[in-house]
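Remember, it's 1-based here, ligands and their atoms both numbered in the order they're listed. None of the values given here were measured: they were computed from a predicted structure. Numbers here simply count residues along the sequence, with the first being 1. Quick note: numbers below take in every heavy atom, side chains included, and nothing from hydrogens, waters or symmetry partners.
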Amino acid sequence: MKGRRSFLVTPSACGTPLLRHPVSVSGTRAAGRASSSSSSSSSSARSFVRHLGLGRRWVSCGASEGSGEEAELRQLIEENTKLKERIAELEAFIGREELLLTPEASEAASEAPEVTEEVVDYDSIDLPSPADAKPFWESIPIRTQSGTGRSEAQGTKVDGFQLEVVHLTAEMAPLAKVGGLGDVVTGLARSCTARGHNVEIILPFYECIDEGLLDDFKFEFEYDVPRGYEWDGQFQVGSLKTQVYTATCEGIKMVLLRPDWSECNIFKGGRVYAGSYNETEAYLYFCRAGLEFLKVSGRQPDIVHLHEWQTSAAAMLYWEKYNKEGLHKPRIVLTIHNMDNTGECRAEEFGVTGMSGDMFNTVEKALDERTIGHNPERLSLLKGGVVYSNVVTTVSPTYAIETSTGQGGWLSGTLAEYQSKYHGILNGIDDVMWDPARDLYLPVPFSTSNLKGKYFLQKYVRSGLGLADPVQRGERKPLVVCITRLVPQKGIHLIRHSISKTVEQGGQFVLLGSGHADGDFRHLAEHDFKDHPDVKLIVGYSEALSHFLFAAADVVLVPSIFEPCGLTQMVGMRYGAVPVVRRTGGLADTVKDEENGFTFDGTDEGSLDGALCRAIECYKTRASVWEDLVVSNMKTDFSWTQSAQRYLDLYLSL
Ligand code: ADP
């Protein structure tokens with residue numbers, strides 16, 4: 001296992017910044033002890049027991065004879081108590097050594113004759129301050145994925161068949177992520193890749209993409225993407241030169257498409273979805289560019305997997321054009337991550353694809369029924385995607401029911417009509433990217449067998465954000481965290497209300513969010529809660545800070561009005577937080593009241609209070625119940641394993 005690295009190696013030795021903080025050497029241990037399997041742990045324990053001479057005591061206990069039976073019994077009870085204490089000590093010791101090793105290191109350690117054990121020296125880590133020149137979350141240099149082994153989903157069994165799957169998507173984490181779509185595409189692609197499938201993601205090569213995150217980055221070729229336009233009242237088809245780049249990111253194969261910027265400004269700009277180009281036109285171009293790329297490169301994947309309205313038009317173009325012209329093999333899967341936006345588009349706008357939109361302008365195809373009688377009537381790209389795809393999925397079973405029974409807005413009718421090909425598959429979370437024991441953003445790791453790292457990170461984050469440290473004052477104050485887009489779907493009025501409610505109930509509140517309500521929350525941050533010892537409101541987007549906040553959180557709040565799946569409640573649980581959520585969509589599928597979190601039903605403040613206050617009360621008055629909840633939440637399997645299997649079953653069924 002040459003070239004793999006562990007948390008144990010000092011920064012200077014491995015050149016990685018993860019443990020840029022000093023570590024102390026606390027001893028050495030024999031090969032084989034590092035394995036994370038329980039059987040090897042217990043055999044390590046046995047050898048450790050023998051080493052201490054305790055084995056002989058076990059024997060003498062069992063074989064003891066003598067006249068004073070009472071004395072013997074007392075002696076046995078005493079010895080038994082000591083042995084139990086020693087067993088607990090040894091178990092704690094073994095739990096700790098498991099934590100200190102990454103799975104790669106465990107494997108390496110079992111091959112090497114001797115491994116050095118090092119323990120994070122928390123006392124030597126400087127705590128950050130809000131006065132620091134750089135905020136703490138920007139000061140931890142991040143390793144790229146190459147060489148860390150992070151790209152692999154650990155321990156995955158390879159399937160006995162291989163599918164070729166191409167995703168066409170507007171987002172992919174961490175390259176181009178705005179919300180859950182990016183996480184889901186990466187998690188699903190990584191999981192299927194690890195099972196031996198040939199998965200590729202086709203993504204717009206946005207100007208804002210950080211090329212530093214790409215491995216094996218290469219220009220491949222340039223090709224012409226057909227492009228329609230009006231000239232003299234006539235529909236004409238020209239072309240737009242497009243460059244193809246390939247790379248890997250997070251171990252996943254990428255194809256990046258960039259249009260000629262001397263001809264247009266599509267995908268230019270500092271952020272995804274924030275350029276000065278027309279988004280509908282940009283993604284229509286991208287759909288055509290993706291299919292044309294498959295055609296010119298002679299590809300015949302088994303599955304083309306589309307996501308959201310942005311790539312839905314590819315289903316329409318595929319069945320009305322490409323399938324008839326030789327790209328015959330692929331079957332089309334569309335995943336709806338959120339029906340908030342259904343991709344409204346005029347028929348003539350569709351013409352940018354090089355195909356007239358008129359052919360889709362019927363109720364059976366892509367006409368947006370809400371616009372009947374309007375001038376002009378409009379298409380819905382998402383509806384077209386639903387009609388034309390072989391299979392349509394959404395991201396949780398409850399959201400599938402909600403959206404096909406009236407709560408999905410006007411598209412409910414179409415989804416109900418296509419019920420037999422519509423499936424709700426719960427998202428997983430990417431357990432490589434979201435793993436507190438291997439998180440590349442965090443200065444120290446933690447896991448269920450050692451929560452010390454989590455408690456240290458709470459102190460670290462409180463210090464860096466300028467929040468009071470309740471531990472120092474001997475208080476129990478839960479840290480309530482909300483990481484969200486600030487859009488009406490997320491329950492903005494409930495988020496606003498929960499800030500003061502949390503403080504009133506004796507908790508602390510941290511928000512990391514951005515979106516439509518930025519102005520509102522900025523005002524709160526700069527006036528009502530400026531320099532507040534228990535509240536920090538950060539308006540903005542930061543992947544790095546989100547990792548710190550999940551690690552530090554006692555409670556994650558997700559009060560969404562509707563929520564197709566929701567990832568933050570699952571990520572929060574994996575990082576030892578307890579979710580408080582509104583019981584809707586995927587939140588209802590993943591959080592059960594007083595089992596793994598606290599839920600409420602109404603959309604009013606009173607309903608939220610019911611759940612939030614119960615959570616805070618539980619944290620404050622029932623510490624051991626809370627700790628059990630933390631540990632069992634961290635152990636819950638939210639990985640992609642099961643969900644990827646459902647997708648693969650669907651792929652295979654086509
Ligand atoms: P949605 O996709 O509707 O935004 P999800 O809960 O499915 O909601 O996914 C949101 C993802 O985006 C999570 O990974 C969350 O951590 C992340 N996220 C949301 N807002 C921010 C932010 N302001 N900064 C960093 N990450 C954020």
Side-chain angles (χ1 to χ4, degrees), residues 135 137-138 142 169-188 250 271-274 307-310 335-341 394-396 398-399 425-436 439 441-442 461 481-492 495 510-518 521-522 525 536-553 556-575 577 579-582 584-591 638 640 643:
W137 59 92
E138 287 174 14
I142 263 293
T169 173
E171 291 185 40
M172 185 270 182
L175 275 186
K177 170 179 159 180
V178 174
L181 167 62
D183 287 317
V184 170
V185 168
T186 302
L188 177 59
E250 295 274 328
R271 280 188 295 147
V272 177
Y273 309 139
H307 300 268
E308 300 289 59
W309 72 267
Q310 285 96 337
T335 297
I336 302 174
H337 298 256
N338 194 322
M339 298 220 322
D340 219 10
N341 193 337
T394 192
V395 290
S396 72
T398 298
Y399 193 61
I425 303 178
L426 190 69
N427 281 337
I429 53 170
D430 187 314
D431 61 353
V432 176
M433 197 173 286
W434 296 111
D435 180 356
D439 192 314
Y441 289 96
L442 302 180
V461 166
V481 165
C482 181
I483 299 171
T484 186
R485 289 183 296 124
L486 290 172
V487 296
Q489 172 203 336
K490 301 293 180 181
I492 289 177
I495 296 171
V510 178
L511 168 81
L512 171 62
S514 62
H516 304 175
D518 282 5
F521 282 90
R522 230 174 242 133
K536 187 76 189 177
L537 307 177
I538 300 153
V539 177
Y541 184 94
S542 166
E543 186 70 22
L545 179 56
S546 76
H547 284 247
F548 276 97
L549 294 181
F550 283 123
V556 279
L557 177 70
V558 198
S560 306
I561 304 307
F562 73 94
E563 191 59 76
C565 177
L567 297 178
T568 59
Q569 80 281 12
M570 292 191 273
V571 175
M573 284 192 260
R574 184 144 166 80
Y575 280 66
V580 170
V581 307
R582 186 162 170 272
T584 178
L587 299 172
D589 291 329
T590 50
V591 184
F638 288 118
W640 267 100
S643 308

Answer yes or no for Q569: is there a heavy-atom contact with ligand 1 below 4.0 Å?
-> no
Applying the side chain to side chain contact (heavy atoms under 4.5 Å, CB included) test to V591, which of V581, V558, V556, V580 qualifies?
-> V581
Once you restrict to heavy atoms under 4.0 Å, what part of [X] touches ligand 1? Side chain, backbone, both or neither.
X    : answer
S542 : backbone
N427 : neither
H337 : neither

Are a donor atom and an acceptor atom from the side chains of Y575 and D439 found within less than 3.5 Å of each other?
-> yes
Taking atom types as modelled, find out whether T186 and E250 have a side-chain donor-acceptor pair closer than 3.5 angstrom.
-> no
Under 3.5 Å, N or O to N or O, is [X] touching ligand 1 that way?
X    : answer
L567 : yes
R485 : yes
E543 : no
G179 : no
G540 : yes

Which protein non-hydrogen atom lies closest to [atom], naming both residue and atom, and how far is it?
atom                    : answer
atom 14 (O) of ligand 1 : D183 OD2, 2.7 Å
atom 2 (O) of ligand 1  : G180 N, 2.6 Å
atom 15 (C) of ligand 1 : T568 CG2, 3.7 Å
atom 26 (N) of ligand 1 : Y541 CE1, 3.4 Å
atom 8 (O) of ligand 1  : K490 NZ, 3.0 Å

By ring-ring contact (aromatic ring centres under 6.0 Å, His included), F550 pairs with (sequence neighbours left out) W434
Across all chains, not counting sequence neighbours, the side-chain contact (heavy atoms from CB on, under 4.5 Å) partners of A552 are Q458, V461, L479
Taking atom CG of L567 and atom CG of L181, what is their separation to the nearest 0.5 Å?
-> 10.0 Å
Test T394 against T335 for side chain to side chain contact (heavy atoms under 4.5 Å, CB included), laying out the working first.
-> CA-CA 5 Å; T394 192; T335 297; 5.9 Å; no
List every atom of ligand 1 that sits less than 4.0 Å from any heavy atom of F550, numbering the atoms from 1 in the order shown and giving each element.
-> 16 (O)
